[in-house]
Amino acid sequence: MATKAEVLDFIRIYADKMAEHRQELTDLDQAIGDGDHGINMSRGFKAVMEKLPAVENKSIDEILKTVGMTLISTVGGASGPLYGTAFMKAGMSTKEKEELSNEDVILAFDEAVGGIQFRGKAVRGEKTILDSMIPAIDAIKASIKEGKTMAEALVEAEKAAWNGVEYTKTIIATKGRASYLGERSIGHQDPGATSMAYAFQAANEVAQKAGK
């Protein structure tokens with residue numbers, strides 16, 4: 001069961017990670033993209049942190065939708081619409097919830113993936129956010145099915161996300177600016193998949209702290 005406090009904690013920790021890893025994500029993007037992923041994500045989550053106090057006492061869906069709308073309006077490039085849509089779709093699936101069951105969490109993740117796939121017209125295996133996100137969610141589903149707790153599931157999810165990041169080094173980019181490089185994009189990890197892996201790292205840290 002994820003509480004509203006834990007959802008807020010996740011957003012704060014993720015925002016910190018985007019600030020901390022701003023240069024790393026920008027360097028990764030300079031190799032194969034527009035060179036601004038870290039700058040954009042850091043700026044977007046700085047704006048999220050400014051908006052958060054006003055919605056802390058609202059429902060989980062309002063919090064997530066506010067994050068989504070803020071990212072869409074402040075993050076440049078493709079990342080804003082993709083991450084923003086992910087948070088908004090997750091929010092829509094948690095309407096009027098004060099706590100999230102494991103099933104609610106999984107549904108929110110699935111809706112977020114659906115939003116990204118619709119907005120980005122992407123599927124797994126194209127060197128995008130989805131290459132770390134989908135394996136992580138699959139790991140959560142498999143762990144919960146085995147009777148593990150969400151905290152145990154998120155340990156596996158983070159591992160799967162970073163494995164997905166490694167996988168992006170082995171494939172050709174077929175979406176976004178990186179696709180212009182063709183085979184030269186092989187050997188480079190995808191910055192979007194990397195920033196998404198930090199989301200699962202943040203979620204894992206919250207779960208371990210809560211001991212669930």
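No experiment lies behind these values; they were computed from the predicted model shown. In this chain, numbering begins with 1 at the start of the sequence shown.
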Within residues 99-135 or reaching into it, pairs that qualify as ring-ring contact (aromatic ring centres under 6.0 Å, His included) - sequence neighbours excluded: Phe109-Phe200
ring-ring contact (aromatic ring centres under 6.0 Å, His included): pairs with one or both residues in residues 53-79, sequence neighbours excluded: none
Are any non-hydrogen side-chain atoms of [X] and [Y] less than 4.5 angstrom apart?
X	Y	answer
Ile39	Arg22	yes
Asn102	Lys148	no
Leu25	Met18	yes
Val75	Arg43	no
Ile116	Met196	yes

Closest contact, heavy atoms only, Asp138 versus Arg124: OD2-NH1, 3.4 Å
Non-hydrogen atoms of Gly35 and Thr26 that approach each other most closely: O-CG2, 3.2 Å
Are any side-chain N or O atoms of [X] and backbone N or O atoms of [Y], one a donor and one an acceptor, separated by less than 3.5 Å?
X	Y	answer
Thr70	Val48	no
Thr94	Gly91	yes
Glu62	Ser59	no
Tyr167	Gly125	no
Lys127	Ile171	yes

Mind checking side-chain contact (heavy atoms from CB on, under 4.5 Å) for [X] and listing every partner two or more places apart, or none if nothing turns up?
X	value
Asp104	Lys97, Leu100, Ser101
Phe10	Tyr14, Phe87, Ala199, Ala202, Ala203, Val206
Asn163	none
Ala193	Ser132, Val165, Thr168, Asp190

Pair Lys141 + Asp110: basic N to acidic O under 4.0 Å: yes
Salt-bridge contact Glu205-Lys209 (side-chain N to carboxylate O under 4.0 Å): no
Rounded to the nearest 0.5 Å, how far does [atom2] of [Y] lie from [atom1] of [X]?
X	Y	atom1	atom2	result
Ser79	Leu71	OG	CG	10.0 Å
Ile11	Glu6	CD1	CD	12.5 Å
Ile60	Lys65	CD1	NZ	12.5 Å
Asp61	Glu96	CG	CD	7.0 Å
Leu154	Ile140	CG	CD1	4.5 Å

Sole residue of His21, Glu158, Lys17 in side-chain hydrogen bond (donor to acceptor under 3.5 Å, both in side chains) with Tyr198: His21
Same apolar cluster: Leu107 and Val7, side chain cutoff 4.5 Å: no
Single-linkage hydrophobic cluster Phe45~Leu8, side-chain heavy atoms < 4.5 angstrom: yes
Which residues pass the side chain to side chain donor-acceptor pair (under 3.5 Å) test with [X], sequence neighbours left out?
X	answer
Lys159	Glu156
Gln23	Asp27
Thr194	Gln189
Asp16	none

Remaining members of hydrophobic cluster (4.5 Å side-chain criterion), Ile72: Met69, Met88
Residues Glu166 and Trp162: side-chain donor-acceptor under 3.5 angstrom: no
Show the atom names and distances, to 0.1 Å, of all donor-acceptor pairs under 3.5 Å that link a side chain in residues 51-58 to residues at least two apart or in another chain.
| unit_1 | atom_1 | unit_2 | atom_2 | d |
| --- | --- | --- | --- | --- |
| Glu56 | OE2 | Arg12 | NH2 | 2.7 |

